[in-house]
Chemist: 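Once you've had a glance at the structure underneath, I'll fire off some questions.
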Protein chains: 2
Amino acid sequence: MRKVAESTIRRLSLYLRLLEEFEAQGIATVSSEALAGRGGTTSAQVRKDLSFFGSFGKRGLGYSVPELVTELRAILGLDRRYQVALIGAGKIGSALVQYRGFRQRGFDIVAIFDVDPAKIGREWNGLVVQDSAALETALAHEKIDMAVLVTPGEAAQPLADRLVALGVKAILNFAPVQLTVPHDVVVKTVNLALELETLSYELTNRG
Amino acid sequence: MRKVAESTIRRLSLYLRLLEEFEAQGIATVSSEALAGRGGTTSAQVRKDLSFFGSFGKRGLGYSVPELVTELRAILGLDRRYQVALIGAGKIGSALVQYRGFRQRGFDIVAIFDVDPAKIGREWNGLVVQDSAALETALAHEKIDMAVLVTPGEAAQPLADRLVALGVKAILNFAPVQLTVPHDVVVKTVNLALELETLSYELTNRG
DNA sequence: CTAGCTTTGTGAATCATTTCACAAAGCCGT
DNA sequence: ACGGCTTTGTGAAATGATTCACAAAGCTAG
Ligand SMILES: NC(=O)c1ccc[n+]([C@@H]2O[C@H](COP(=O)([O-])OP(=O)(O)OC[C@H]3O[C@@H](n4cnc5c(N)ncnc54)[C@H](O)[C@@H]3O)[C@@H](O)[C@H]2O)c1
Ligand SMILES: NC(=O)c1ccc[n+]([C@@H]2O[C@H](COP(=O)([O-])OP(=O)(O)OC[C@H]3O[C@@H](n4cnc5c(N)ncnc54)[C@H](O)[C@@H]3O)[C@@H](O)[C@H]2O)c1
């Protein structure tokens, strides 16, 4: 099951959200057409995306909503929970810690770190902010699946190196830097300034 | 100059950030190889990306850092400032308003709106939070280039419709919904849960 | 049980993006 | 001023993603 495009995975994630809405509304089956309409693609795209992983529909009828939800959760690895460490108790970190959406979808923030003495020891959402100097000892006996990096740019790469050394295999990075990691570690960078800049480009070149 | 891939634009934005770092370090010229190395691509990709917009380098030498910075700013539409309205004075909104990076790159938040009476009238970073019911009157005489939507999902589409009616042509959306807008309006959605889910997929299918 | 209708699953075709590879240009040292 | 070295700019080739189009499958009504 190698080599599925990232764009496909992102759409599967989108379909899952739509399916969960349908499920909440008690809708039992859905066609690729209906999924596509709400998701901003075409029905052929939906079917092709799913076909990489199996055939989940019934011809003439469509897809069973609860069944497809289960399948997509399994494909995306969302049929388990993840232990997440947050590094950087700043403004963005604060918003993330308080956001319930993550826990709802299986991501539990279980540790928070910062260097700022004014922040270390404070309680955030039931967790004590720990000294990031003690990252290694604090995470020695806690299994961390993912780390979220929300520190200033210059701190991000050194922290990424330490997280990798600790065995963390997935990092979500908000610092506006390109992280270098071994190829068995996966990094996703969310670069908000870059998003604004693509808007800016579109505004000046279309519009 | 139609039809440049979005992936190209995103890389240009990345190159610009790297070039600004080089500029701060007093580096005068840079090769496509050097830009690629730090930006996670190949030198051929860098040259191809730039070639869509002109030829900015000197063969045998590379690119003048300050010159290319100027060119990229012009291409991306960053040689001007943008007036941005923030809709939703919540947790993410708070982080965005306090973030200096946006102002530094030419994006000025000039108005903030919310529905919550507890938030309306409060001062945020020198701006008074306004009632979003009065969006139309408040923005009647203020030219808004972009809106940032940081409300709950269910409020996002109605607000997008009102912003579009007000002539806003670019929206950065943080709500986990797919917005529908006329095709002369450009929307970028930042879906953090989706980023975590692509990490989750990679973890379960590689690693 | 059959005819008609609907919708899937998927090769083949199209369209888009990236990589290759090399001639053309410019610099530097002699 | 020339030869050697470096690096750009860009068609052509390769790779990757999306769209097309249709046979196969299943459901429903009669
Ligand atoms: N706030 C925003 O809206 C926004 C938008 C786009 C990008 N970003 C990026 O996100 C990152 C965080 O932004 P923020 O606004 O939350 O910044 P912030 O300054 O509020 O928070 C950063 C936190 O990281 C901590 N820190 C610094 N070095 C550390 C280390 N070595 N180990 C652990 N913690 C450390 C600081 O003490 C601080 O608490 C930055 O890279 C910023 O560029 C933020
Ligand atoms: N906080 C996070 O880390 C995070 C992460 C991912 C996604 N999001 C998404 O970002 C959005 C905002 O998240 P948040 O954590 O800041 O939520 P929040 O609840 O803290 O803030 C939302 C704000 O929007 C306001 N609001 C509601 N309806 C409005 C309307 N019609 N007009 C104007 N304002 C209105 C609310 O009063 C509130 O102040 C949500 O859609 C959320 O799903 C947040």
Side-chain angles (χ1 to χ4, degrees), chain A residues 1-15 18-19 22 27-69 71-72 75 178 198 201-202 205-206, chain B residues 1-15 18-19 22 27-69 71-72 75 178 198 201-202 205-206:
Chain A
M1 193 196 287
R2 223 29 13 112
K3 246 6 357 229
V4 177
E6 165 150 350
S7 49
T8 292
I9 302 308
R10 297 178 75 87
R11 281 191 301 267
L12 291 183
S13 183
L14 227 61
Y15 304 152
L18 292 175
L19 285 162
F22 288 139
I27 297 170
T29 63
V30 76
S31 68
S32 57
E33 192 64 63
L35 259 183
R38 299 282 245 82
T41 33
T42 65
S43 63
Q45 182 80 80
V46 171
R47 295 198 301 276
K48 181 63 98 180
D49 286 341
L50 293 173
S51 78
F52 290 117
F53 299 95
S55 49
F56 308 117
K58 286 215 187 337
R59 297 178 184 214
L61 189 59
Y63 301 88
S64 149
V65 171
E67 234 172 71
L68 194 51
V69 162
E71 293 288 357
L72 286 181
I75 291 166
Q178 186 78 15
T198 69
Y201 171 80
E202 297 283 340
N205 292 274
R206 275 150 227 240
Chain B
M1 192 197 287
R2 221 34 7 118
K3 264 313 57 198
V4 176
E6 165 150 349
S7 50
T8 292
I9 302 307
R10 297 178 74 88
R11 282 190 301 267
L12 291 182
S13 182
L14 226 63
Y15 304 153
L18 292 174
L19 285 163
F22 289 139
I27 297 170
T29 64
V30 77
S31 68
S32 58
E33 194 63 64
L35 260 183
R38 298 283 244 82
T41 36
T42 66
S43 63
Q45 182 79 80
V46 171
R47 295 198 300 278
K48 182 63 98 181
D49 286 341
L50 293 173
S51 78
F52 290 116
F53 299 95
S55 50
F56 309 117
K58 286 215 188 338
R59 294 176 186 219
L61 189 58
Y63 301 88
S64 151
V65 171
E67 235 173 68
L68 194 50
V69 163
E71 293 288 356
L72 286 181
I75 290 166
Q178 185 80 13
T198 71
Y201 171 81
E202 298 282 340
N205 292 275
R206 277 150 223 241

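Quick caveat, the model's predicted, so the values are computed rather than measured. Naming: A, B, ... by sequence-line order, numbering from 1 per chain.
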Chemist: Taking the side chain as C-beta and beyond, is there a heavy-atom pair between Leu72(B) and Tyr15(B) under 4.5 Å?
Modeler: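 The answer is yes; the side chains approach within 4.5 Å.
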
Chemist: To the nearest Å, give me how far apart CG (Leu50(B)) and P (dT17(C)) are.
Modeler: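 Taking atom P of dT17(C) as the reference, CG of Leu50(B) is at 17 Å.
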
Chemist: Nearest-Å distance, NZ (Lys3(A)) to C1' (dT15(D))?
Modeler: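 From Lys3(A) NZ to dT15(D) C1': 11 Å.
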
Chemist: Mind checking whether Ser32(B) and Tyr63(B) have side chains closer than 4.5 Å, heavy atoms only?
Modeler: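 They are in contact (side-chain heavy atoms under 4.5 Å apart), so the answer is yes.
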
Chemist: Less than 4.5 Å apart, any side-chain heavy atom of Leu12(B) and any of Leu50(B)?
Modeler: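 With C-beta onward as the side chain, the pair touches.
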
Chemist: Would one find a side-chain N or O of Tyr63(A) under 4.0 angstrom from OP1 or OP2 of dG9(C)?
Modeler: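 The answer is yes; a side-chain N or O of Tyr63(A) sits under 4.0 Å from OP1 or OP2.
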
Chemist: Rounding to an integer number of Å, can you tell me how far Phe52(A) CZ sits from dT19(D) P?
Modeler: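 Whole-Å distance recorded here is 12 Å.
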
Chemist: Without decimals, in angstroms, what is the distance between Glu33(A) CD and dT8(C) C1'?
Modeler: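 It works out to 12 Å between those atoms.
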
Chemist: Is there a side-chain contact between Gln178(B) and Arg38(A), using heavy atoms and a 4.5 Å cut-off?
Modeler: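 A side-chain contact is absent here, since even the closest heavy-atom pair is not under 4.5 Å.
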
Chemist: Less than 4.5 Å apart, any side-chain heavy atom of Asp49(A) and any of Ile9(A)?
Modeler: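 SC-SC contact between Asp49(A) and Ile9(A) ruled out.
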
Chemist: Please round to the nearest 0.5 Å and tell me the distance separating atom CG of Asn205(A) and atom CD1 of Ile75(B).
Modeler: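 The CG atom of Asn205(A) sits 9.0 Å away from the CD1 atom of Ile75(B).
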
Chemist: Let me have a per-nucleotide readout for nucleotides 20-30 of chain D, 5' to 3', with B, S or -, counting only protein heavy atoms under 4.0 Å.
Modeler: BB--BBS----

Chemist: Tell me what Ser32(B) touches on the nucleic acid: a base, only sugar-phosphate, or nothing, going by heavy atoms under 4.0 Å.
Modeler: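 Sugar-phosphate, no base atom in range.
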
Chemist: Closest approach of Leu35(A) and Val46(A), non-hydrogen atoms and distance?
Modeler: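 Distance-wise, the nearest heavy atoms are CD1-CG1, 4.1 Å.
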
Chemist: Under a 4.5 Å cut-off applied to non-hydrogen side-chain atoms, are Ser51(B) and Lys48(B) in contact?
Modeler: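 With C-beta onward as the side chain, the pair touches.
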
Chemist: Can you check whether Val4(A) reaches Phe53(A) side chain to side chain, under 4.5 Å on heavy atoms?
Modeler: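 A side-chain contact exists here, since the closest heavy-atom pair is under 4.5 Å.
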
Chemist: Do any of residues 6-13 of chain A sit with a heavy atom less than 4.0 Å from DNA chain D, and if so which?
Modeler: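 Under 4.0 Å from DNA chain D: Ser7(A), Arg11(A).
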
Chemist: Report the residue (Thr41(B) or Gly62(A)) whose heavy-atom-nearest nucleotide on DNA chain C is the more 5′ of the two.
Modeler: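 Comparing both residues, the 5'-ward one is Gly62(A).
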
Chemist: Whole angstrom is fine here: how far is it from CG in Leu35(A) over to C1' in dT7(C)?
Modeler: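 Distance, rounded to whole Å: 13 Å.
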
Chemist: Gln45(A) CD to dA17(D) C1': how many Å, rounded?
Modeler: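 Going from Gln45(A) (CD) to dA17(D) (C1'), I get 8 Å.
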
